[in-house]
Number of protein chains: 2
Amino acid sequence: MTTRQRGRPRSFDRLTALEQATMAFWEHGYETTSVSDLTRAMGISAPSLYAAFGDKRTLFEEVVEAYAGSYGAYGGRAFAEEPTARGALGRLLREAADVFTDPSHPRGCLMISAAVNCSTPEVEEALRERRNRNLASFEARIRAGAEAGELPAGTDAGALARFCGAVLQGMSQQARDGATRTELEAVAEIAMLAWPQAGVPVAATGKAPEAGKARETPAGRGA
Amino acid sequence: MTTRQRGRPRSFDRLTALEQATMAFWEHGYETTSVSDLTRAMGISAPSLYAAFGDKRTLFEEVVEAYAGSYGAYGGRAFAEEPTARGALGRLLREAADVFTDPSHPRGCLMISAAVNCSTPEVEEALRERRNRNLASFEARIRAGAEAGELPAGTDAGALARFCGAVLQGMSQQARDGATRTELEAVAEIAMLAWPQAGVPVAATGKAPEAGKARETPAGRGA
DNA sequence: CCAATTCTATAGCGGGCGCTACGCAAAGTG
DNA sequence: CACTTTGCGTAGCGCCCGCTATAGAATTGG
């Protein structure tokens, strides 16, 4: 039935236009990117935009969804492929340093920065919920790691997850403020030094200092 | 000469109005706070605002300056009063957790969040420069601490300063995303665990896991 | 008192915002 | 071909933006 459309075919590629809208929103944020900016970036006129994507807010939601599945997918890959919580979050932070400073697209993270100072509550809330969902997944992974014995029993999974989230968000803003890839990678390495040492109990009452595994990463280097 | 004005006296308190403008900009950011929002918050009409403060941008600059000397002064106090680099930056992060979640004013840090996604380049740049100046002062303090022997000789002052800045900026956004004071204090404590341990060399050739001093803070707790 | 000075209030300027009505262009269907 | 369906382009809607012209109100100096 939908093998072929009835009327005049669309004169632009919808996915390409979506990608160009992504770049615009990524660079300037939701509110600051006007529909006029979007039509210019996408190479189409306003009625075409509205016909293909609904209104500005709906377009942004589609942009965010596509972003999460492409540029923002490194976190999910790290979680899927790394066996330990430390390995997953360390890789997430290190890859974020690369993505946030990749010269082929705007700096930082769209989900972190695009709805800051946004006067449309639904948009602000949608991205906030995504961030808090990510935080919850960090926590779940850390808790699972602790229960599996990778991390000391007293580890506060919620606090450690929030710490990683704060570093990630800080790295995004630092990237937008001009930090280099190397500088952000160093930040990621330092952040991983805050993780509980294998075999070192986290509570002050000092117990069960058994060996555990070795450090996964060398971590502290000069320069 | 200026003991008394010649004409009709101002009918509002300039400092009070400035404070109310600060709250508005702090909550919604530079761009999102309209002049109409400002006049409502300050309780004056537009011509009075322009006569007393110049234009919107000049008012914002005055707001930022006042903010830096009041709500944002905790960093300078920590630097002035704490004898060591670790003490200064640890206190800065801990006090930031309190300020960022103080219920008597908007959450987070105005200098960090108010010019994100701002289409006025001068405003965005002014706050970015302030942040980068703060980062440079972190680095100078850490470098001085390393030269004084507080920290291992190989310590990368720039990277450690940037790490602290990233945590601070991340804490600001987390506060705006709803994190509690207690949660942010835990983030600050964890961040301080990444600092080089006294007596432990920073270079990575994997040795010397000797005891070192006890941790400065217990850090990870349950709940 | 009157004149000069300074602040306040109303009302509105030009312009950009998100969005859309409308008529034409380009395709499929008989 | 005529007819329907759908996308495109122009042009412009109502609204809010930052900002200000103008006139009246409140004060000091003479």
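Keep in mind it's a predicted model, so treat the numbers as computed, not measured. Side-chain atoms are counted along with the backbone in the values below, which use heavy atoms only and exclude waters and symmetry mates.
Classified by interplanar angle (parallel below 30°, tilted 30° to 60°, perpendicular above 60°), the ring pair Trp26(A)/His105(A) is parallel.
At least one donor-acceptor pair closer than 3.5 Å links the side chain of Arg14(B) to the backbone N or O of Ala52(B).
Once rounded to the nearest 0.5 Å, the distance linking CG of Leu135(A) with CD of Gln174(B) reads 5.0 Å. Atom CZ in Arg181(B) sits 4.0 Å away from atom CG in Asp98(B) (nearest 0.5 Å). Here the CD atom belonging to Gln20(B) is positioned 11.0 Å from the CG atom belonging to Leu15(B), to the nearest 0.5 angstrom.
Between the side chains of Ser137(B) and Asn134(B), no donor-acceptor pair is found at a separation under 3.5 Å.
Ion pairing between Glu95(B) and Arg91(B) holds under the 4.0 Å rule for side-chain N and carboxylate O.
Of the residues in residues 50-62 of chain A, those lying under 4.0 Å from DNA chain C by heavy-atom distance are Tyr50(A), Asp55(A), Lys56(A). Contacts between residues 33-48 of chain A and DNA chain C, defined by a heavy-atom separation below 4.0 Å, involve Thr33(A), Ser34(A), Val35(A), Ser36(A), Ala46(A), Pro47(A), listed by number.
Nearest-nucleotide positions on DNA chain D for Gly7(B) and Glu31(B) put Glu31(B) closer to the 5' end.
One interatomic measurement links the two molecules: CZ of Phe25(B) to C1' of dG18(D), which rounds to 12 Å at whole-angstrom precision. Atom CG of Leu49(A) is separated from atom C1' of dG9(D) by 14 Å (rounded to the nearest Å). In this structure, Arg8(A) places its CZ atom 19 Å from C1' of dT29(C), rounding to the nearest Å. Here dT6(C) presents its P atom at 16 Å from CZ of Phe12(B), a figure rounded to the nearest Å.
In this structure, Glu129(A) has no salt bridge (charged side-chain N to carboxylate O under 4.0 Å, His left out) partners at least two apart in sequence or on a different chain.
For Arg6(A) against dA27(C), a side-chain-to-base donor-acceptor contact under 3.5 Å is absent.
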